[in-house]
Amino acid sequence: MSALPAAIARRLATRRPLRVDARGPIAIKRNLHEATVAADADVFARAFAEVMADPARRFAGIRVKRLRARVGRPFQPGERFHGCFSLVDAARARGLPLPGPLRHALAWLEDRALSDYAEIVSVSPRAARYRYLEGTPMAGESAFEITPLGPGRCRFTARFEYQELGTLAVALMHGFAVAAHDRVVLAQVEAAAALAGGHLESHSFPVS
C-alpha cells in the first residue's frame, strides 16, 4: 500500500460514483463467495481490518493506494482509495531494471489502464461496503461481512455486484478481472486468518 501522488488524489476527489442500470444493455452480475475460518469472529475481524490497512502488504499483485494522511490507518466511511495491478512490483519481482523514466511510465500506465477507484460507503467492526467511481471499467459495489459460527469459528462472506461499462470492459472482466478479484479477496482472508492465530477451513472461491 502506498500514498497517492497529489495530482491523482485531486482527481480521485472529483470522481463520481458509478451506478448500475437495470435498463442498460449489459447485465448486472452478482458474485457471492464464502469462507469458513477457524478463528473467533471478533478476533478475525480485527485481524482483517489490520491486514487491509497494512501499507506493507500486497495481494495477488494488487497495490492499494490511499491518501497520504490515511496510509496505515483504519478505513473510514467516505474515504476514497485506488487499487491497481502493479507493473512496477511485477517488474521488480522478476529482477528487471527500472530506470526512472521506465518506472514513471509504468506507474502512469497503472493509473490509466489497470486501476479501480472506490469509496467506502460503510464500515462496522464486522462488515464493510464500498462502491466504484468514475475511471473504473464497471459500476457496482463490493461488500464483506463476518458472522460468528460458534466458539473459535466464523464465516466470511464477500459480495461483488457489478455491471461492465462497454464491450471492452466485458472482455476485461471475464478474461481477467473477476478471477483477479477472487484471488485478492482470498489472499486477504488467508492473511487475516493467520494473523488471528487461526486458519482457513474451506471456501467457495473458484481459485486454487
Side-chain angles (χ1 to χ4, degrees), residues 1 15-37 39 41 44-45 47-49 51-53 57-65 75 77 79-86 110 113-124 126-149 153-193 200-208:
M1 192 175 297
R15 294 183 186 274
R16 294 177 298 178
L18 296 169
R19 304 183 188 282
V20 298
D21 179 6
R23 298 171 298 177
I26 297 176
I28 299 170
K29 288 86 172 174
R30 192 167 185 262
N31 192 12
L32 182 67
H33 292 297
E34 294 182 345
T36 302
V37 180
F44 175 75
F48 187 77
V51 162
M52 295 296 289
R57 291 186 183 266
R58 301 283 188 275
F59 301 102
I62 301 298
R63 177 190 295 179
V64 177
K65 300 179 182 181
F75 284 88
E79 179 178 349
R80 293 185 166 198
F81 62 96
H82 172 184
C84 72
F85 180 78
S86 179
E110 290 174 7
L114 299 171
S115 295
D116 291 341
Y117 305 92
E119 178 183 53
I120 302 291
V121 175
S122 61
V123 178
S124 67
R126 295 205 299 251
R129 182 165 64 94
Y130 59 89
R131 61 185 177 180
Y132 297 101
L133 305 172
E134 279 182 322
T136 306
M138 77 281 180
E141 65 176 37
S142 287
F144 305 138
E145 185 176 7
I146 299 162
T147 54
L149 293 176
R153 296 178 74 241
C154 62
R155 177 184 295 116
F156 176 91
T157 303
R159 177 176 56 82
F160 178 32
E161 184 179 270
Y162 65 97
Q163 182 180 38
E164 298 94 335
L165 304 178
T167 55
L168 179 59
V170 171
L172 174 66
M173 295 299 291
H174 283 269
F176 167 74
V178 173
H181 181 274
D182 288 342
R183 286 194 296 270
V184 167
V185 176
L186 182 58
Q188 291 165 341
V189 173
E190 289 175 328
L200 187 64
E201 289 186 348
S202 62
H203 68 83
S204 65
F205 293 92
V207 296
S208 57

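Scope of the values below: all heavy atoms of this structure, side chains included, with no hydrogens, waters or symmetry mates. The chain is numbered in sequence order, starting from 1.
A donor-acceptor contact shorter than 3.5 Å links the side chain of Thr136 to the backbone of Tyr117. Judged by distance alone, with hydrogens and angles left aside, the side-chain atoms of Arg16 form no donor-acceptor pair with the main-chain N or O of Glu134 at under 3.5 Å. Looking at Arg159, its side chain never comes within 3.5 Å of a backbone N or O of Ala143 through a donor-acceptor pair. Between the side chain of Arg80 and the backbone N or O of Arg15 there is at least one donor-acceptor pair closer than 3.5 Å.
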Criterion side-chain contact (heavy atoms from CB on, under 4.5 Å) on Asp182 and Asn31, from CA distance to verdict: CA-CA 9 Å; Asp182 288 342; Asn31 192 12; 3.2 Å; yes
Verdict with supporting geometry, Tyr162 and Tyr132, side-chain contact (heavy atoms from CB on, under 4.5 Å): CA-CA 9 Å; Tyr162 65 97; Tyr132 297 101; 5.6 Å; no
Check against side-chain contact (heavy atoms from CB on, under 4.5 Å), His203 and Val189: CA-CA 10 Å; His203 68 83; Val189 173; over 6 Å; no
Verdict with reasoning, Leu18 to Arg131, per side-chain contact (heavy atoms from CB on, under 4.5 Å): CA-CA 8 Å; Leu18 296 169; Arg131 61 185 177 180; over 6 Å; no
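Side-chain contact between Arg126 and Thr147 is absent, with no heavy atoms from C-beta onward closer than 4.5 Å. Inter-residue side-chain proximity for Gln188 and Phe156 is flagged as unmet; no heavy-atom pair is nearer than 4.5 Å. Residues Val64 and Arg57 fail the side-chain proximity criterion, which asks for heavy atoms closer than 4.5 Å.
Relative orientation of the Phe48 and Phe144 rings is perpendicular, given thresholds of 30° and 60° on the angle between their planes.
The two residues Gln163 and Asp21 make their nearest non-hydrogen contact at OE1-N, 2.6 Å. What you find for His33 and Ser204 is that their closest heavy atoms are ND1-O, 3.1 Å.
A distance of 6.0 Å or more separates the ring centres of Tyr130 and Phe75.
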